[in-house]
Amino acid sequence: MTAIGYLTKKDDNTYTGVLRTLSIDTKIRMVPNRDKSSDRHPDFQILGPNNQQVGAGWKKISKEDKEYIRVSLESPEFGPRRLYANLGRAAGQDDPHTFAIIWNAED
């Protein structure tokens, strides 16, 4: 598993940080989805430069009862496919507000 970004959780339940892949190095924000009208709709919108939506996130609970956010990202750099990842506590971090975007190569 590879970390492709790091985000910091703010008091207002938003996350800010960076997304870094081989072809992308940009600031992103993850904000609560205020238009969620169904359980199937994402809990978060992921915004890139100029508030362009580049993805979405869904709250999940792991088998170990730990919370994480399932992330789906889209960008022309990824081609016609979406990139799937999980946002969870960053390994080795003492700061409880630091999270890592972990790419899931199995999707």
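Along the sequence shown, the residues carry numbers beginning at 1. No experiment lies behind these values; they were computed from the predicted model shown.
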Let me see the working for Thr16 and Lys27 under side chain to side chain contact (heavy atoms under 4.5 Å, CB included), right down to the final yes or no. CA-CA 8 Å; Thr16 60; Lys27 292 181 181 180; over 6 Å; no

If we only count heavy atoms from C-beta on, is the [X] to [Y] side-chain gap below 4.5 Å?
X: Tyr84; Y: Arg70; value: yes
X: Leu73; Y: Ile28; value: no
X: Asp35; Y: His41; value: no

If you round to the nearest 0.5 Å, how far is [atom2] of [Y] from [atom1] of [X]?
X: Asn33; Y: Gln45; atom1: CG; atom2: CD; value: 4.5 Å
X: Lys9; Y: His97; atom1: NZ; atom2: NE2; value: 8.5 Å
X: Leu47; Y: Met30; atom1: CG; atom2: CE; value: 10.5 Å
X: Leu87; Y: Phe99; atom1: CG; atom2: CZ; value: 6.5 Å
X: Ile46; Y: Tyr15; atom1: CD1; atom2: OH; value: 11.0 Å
X: Ile102; Y: Asn86; atom1: CD1; atom2: CG; value: 8.5 Å

Can you see which heavy atom on [X] is nearest to which on [Y], and at what distance?
X: Ser72; Y: Trp58; answer: CB-CZ3, 3.9 Å
X: Ile4; Y: Trp103; answer: CG2-CB, 3.9 Å
X: Thr26; Y: Pro49; answer: OG1-CG, 3.3 Å

I'd like to know whether [atom1] of [X] has more than 12 heavy-atom contacts from other residues, nucleotides or ligands below 6.0 angstrom.
X: Glu67; atom1: CD; answer: no
X: Ile61; atom1: CD1; answer: yes
X: Asp39; atom1: CG; answer: no

Indicate yes or no for a side-chain donor-acceptor contact from Asp12 to the backbone of Thr14 under 3.5 Å, with no hydrogens or angles considered. yes

Tell me, with the steps shown, if Phe44 and Lys59 meet side chain to side chain contact (heavy atoms under 4.5 Å, CB included). CA-CA 8 Å; Phe44 292 92; Lys59 294 179 184 178; 3.9 Å; yes

